[in-house]
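Note that ligands are numbered from 1 as they come in the structure, with each ligand's atoms numbered from 1 the same way.
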Amino acid sequence: MRSVILGVDGLTFRVLHPMIQCGELPHFRRLSEEGCEAVLASKYPPLTPPAWVSLSTGMKPAAHGVYDFWEYQEQPEDGSCEGSRKARVQTHRKGGKAIWNILSEYGRQSLVINVPLTYPPEPINGIMVSGFMTPSEEVEFTYPHSFKEELFRVVPGYQIDLNHDEMDNMNLTGQSERLIAATLRMTERRIELISYLLKEKPWDLCYVAFVGPDRLQHPLWQKISTMDERATEYFRVLDKGLGLILDQLQPEDCLFVVSDHGFQGINQTFAINDFLQRKELLKLRAEASSRDAGRAQVKYLLKRSGLLPLARQVKTLLRHRGLLKEAFGDITRPLLTDLDWERTEAYVPSLSGFPGSYGDIFFREDVSPERVMGVAEDLKRQVNPHTGQELVDAIYTKESYGEGQFALHEPHLLVLPTEGITFRMDLGNRDLWEEASHVHGTHQKDGVLYAYGGGIKRGYHASQAEIFDLVPTVLYSMRLPFPHTFDGKVIEDLFTEERKQAERSSVAAGHENEGSLTRKKLKKLLDE
Ligand SMILES: [Zn+2]
């Protein structure tokens with residue numbers, strides 16, 4: 001029994017359900033009628049890099065080491081950091097086994113196509129094509145390396161992601177047609193590749209990622225959420241691709257459709273670093289009076305830290321999403337502002353929370369738990385004066401990032417705002433709250449899960465699951481043992497009683513097949 005994971009960045013039921021109700025997307029409809037659907041929650045945080053790595057490993061960030069597009073490097077013990085902190089870009093998880101590693105160990109073959117944060121590609125039993133955060137198509141982005149030539153022969157013009165030209169100069173009013181056309185072209189080629197691989201190569205697992213919804217929904221959420229014919233064309237193309245995948249499945253095979261996070265429209269922003277500054281938790285350096293001098297210095301620090309290419313990439317993404325002009329004069333400003341690192345107790349260094357709709361507040365290591373909780377309580381009291389809406393939907397401490405060798409040293413608060421709100425990280429806003437002139441698309445925690453195939457219930461709405469439940473659930477569907485414990489668990493709710501009964505009797509019989517001990521662990525999990 002084989003499995004396909006169709007991962008779709010930013011896919012949301014908020015688009016799928018209305019389209020299905022209008023009689024569109026016949027293959028998604030089939031998944032919901034003949035399989036299961038559930039909300040797949042993504043909260044820690046709802047952002048592409050950590051979310052995809054959690055989908056791929058079954059682990060939370062503390063175990064796989066990816067929290068954002070970048071990470072701070074360890075600071076030297078002697079304090080010789082000249083008031084700055086170095087950062088580096090992340091293109092790959094730091095630790096933990098991904099599902100393709102586990103399958104390789106079991107002698108199973110995987111096709112891993114465009115899964116984000118898989119650059120450089122890993123040697124696996126099968127084929128890997130690196131995904132989002134691969135520098136370009138010029139580098140070695142396939143395993144085996146020789147597959148790159150075959151890929152371009154089979155699908156000329158294949159793209160890992162949209163190029164900067166295609167995303168650049170996008171805004172809410174202009175050039176949406178160019179972006180839509182480029183996204184459709186990239187998607188059709190990816191579907192061609194998948195159809196080819198599923199037919200021509202041996203596989204036990206096919207794990208492919210599509211990124212179109214994220215690239216389109218950030219700038220075009222208003223059009224997409226109101227079912228504009230052209231803006232929603234992407235989902236018809238994706239549905240066709242889904243149909244081609246379904247055609248390749250045998251009755252015993254399983255298909256999982258997952259997204260790394262959901263989506264929402266926002267038109268309210270809360271200036272979180274200004275808030276921290278007003279609470280005297282964030283302090284600027286006295287000499288950083290001239291904004292231009294500050295910028296130049298930040299640019300220098302970014303260059304030295306290797307962060308500049310990332311800053312450029314994020315800048316392009318944000319500009320393309322129509323967000324940059326409204327929220328930031330300069331992308332480099334909020335990343336590492338002219339902080340007085342000695343006197344600053346709390347700040348939000350990452351821009352990612354703006355398109356991601358979350359705020360990750362970093363605290364200095366010596367800040368007491370009481371003081372951290374005081375900030376959390378204060379944030380919970382914030383209410384939008386224009387709408388009367390509370391700021392906070394949920395606040396998590398760093399423990400929500402899990403346990404593991406990459407656990408964070410300093411205290412954190414991960415803040416998820418209520419619907420329709422995101423955080424801006426720049427400083428110097430007159431008001432903490434601001435209303436945007438347009439609705440923008442940002443991430444939201446409720447992603448998509450469909451499960452379909454052998455041993456899966458039919459026409460069933462399962463209870464909410466979490467992104468790190470995917471790997472144990474897929475291993476279970478493939479009747480494979482667990483090599484270790486996961487942060488996630490098997491989403492038992494998806495499987496038929498017969499399937500679960502078969503699992504229990506196989507465990508009870510103590511079959512000496514692959515890893516009966518770990519099967520017992522699995523049984524324990526299922527019985528809990
Ligand atoms: Zn996004």
Side-chain angles (χ1 to χ4, degrees), residues 7-15 40-55 66-70 89-91 114-117 131-134 160-162 164 166-168 170-172 176 179-180 182-183 186-187 209-225 231 234-235 238 258-266 269 310-311 313-324 326-328 331 350-360 416-417 419-425 436 438-448 467:
V8 189
D9 204 303
L11 190 65
T12 167
F13 288 124
R14 293 172 178 195
V15 175
L40 192 64
S42 172
K43 295 179 281 195
Y44 311 120
L47 184 69
T48 296
W52 277 102
V53 182
S54 290
L55 280 170
V66 176
Y67 291 85
D68 204 331
F69 290 98
W70 55 273
V89 178
Q90 287 197 297
T91 66
N114 287 107
V115 175
L117 279 278
F132 178 55
M133 294 306 275
T134 301
I160 297 169
D161 208 323
L162 298 175
H164 286 214
E166 288 163 337
M167 294 196 293
D168 220 355
M170 264 300 300
N171 57 53
L172 284 168
S176 57
L179 175 72
I180 292 168
T183 308
M186 171 176 74
T187 306
F210 286 79
V211 294
D214 187 83
R215 304 297 178 266
L216 294 170
Q217 288 170 172
H218 278 294
L220 302 176
W221 178 255
Q222 190 134 31
K223 281 186 175 176
I224 291 172
S225 61
Y234 174 84
F235 299 94
L238 186 68
V258 295
S259 63
D260 59 335
H261 50 71
F263 244 81
Q264 65 175 332
I266 64 103
T269 60
L310 172 73
Q313 184 165 0
V314 176
K315 188 173 183 175
T316 308
L317 276 170
L318 289 176
R319 187 156 4 112
H320 134 73
R321 287 161 186 181
L323 299 173
L324 185 61
E326 302 223 352
F328 304 107
I331 194 77
S350 178
L351 274 181
S352 303
F354 184 62
S357 266
Y358 71 91
D360 185 356
L416 300 189
E419 184 80 19
I421 300 170
T422 194
F423 293 110
R424 49 192 299 151
M425 287 70 182
H438 299 281
V439 171
H440 301 294
T442 65
H443 303 175
Q444 193 267 351
K445 66 182 190 324
D446 298 334
V448 165
I467 48 174

Trainee: How large, to 10°, is the angle at the Zn ion (ligand 1) when you draw lines to NE2 on His443 and to OD1 on Asp214?
Mentor: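 Centred on the Zn ion (ligand 1), the NE2/OD1 angle is 100° (to 10°).
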Trainee: Do you see an N/O/S atom of Asp9, backbone or side chain, under 2.8 Å from the Zn ion (ligand 1)?
Mentor: no
Trainee: Can you tell me if an N/O/S atom from His261 lies under 2.8 Å from the Zn ion (ligand 1)?
Mentor: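 Short answer: no, not a single N, O or S atom is under the cut-off.
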Trainee: For the rings on His443 and Tyr358, is their centre-to-centre separation under 6.0 Å?
Mentor: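 Not under 6.0 Å, so no.
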Trainee: Out of curiosity, Tyr234 OH to Met186 CE, how far, rounded to the nearest 0.5 Å?
Mentor: 7.0 Å
Trainee: Looking at residues at least two apart in the chain, or sitting in another chain, which of them share a side chain to side chain contact (heavy atoms under 4.5 Å, CB included) with Ser225?
Mentor: Trp221
Trainee: Which residues pass the ring-ring contact (aromatic ring centres under 6.0 Å, His included) test with Phe235, sequence neighbours left out?
Mentor: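 Not a single residue meets the ring-ring contact (aromatic ring centres under 6.0 Å, His included) criterion with Phe235.
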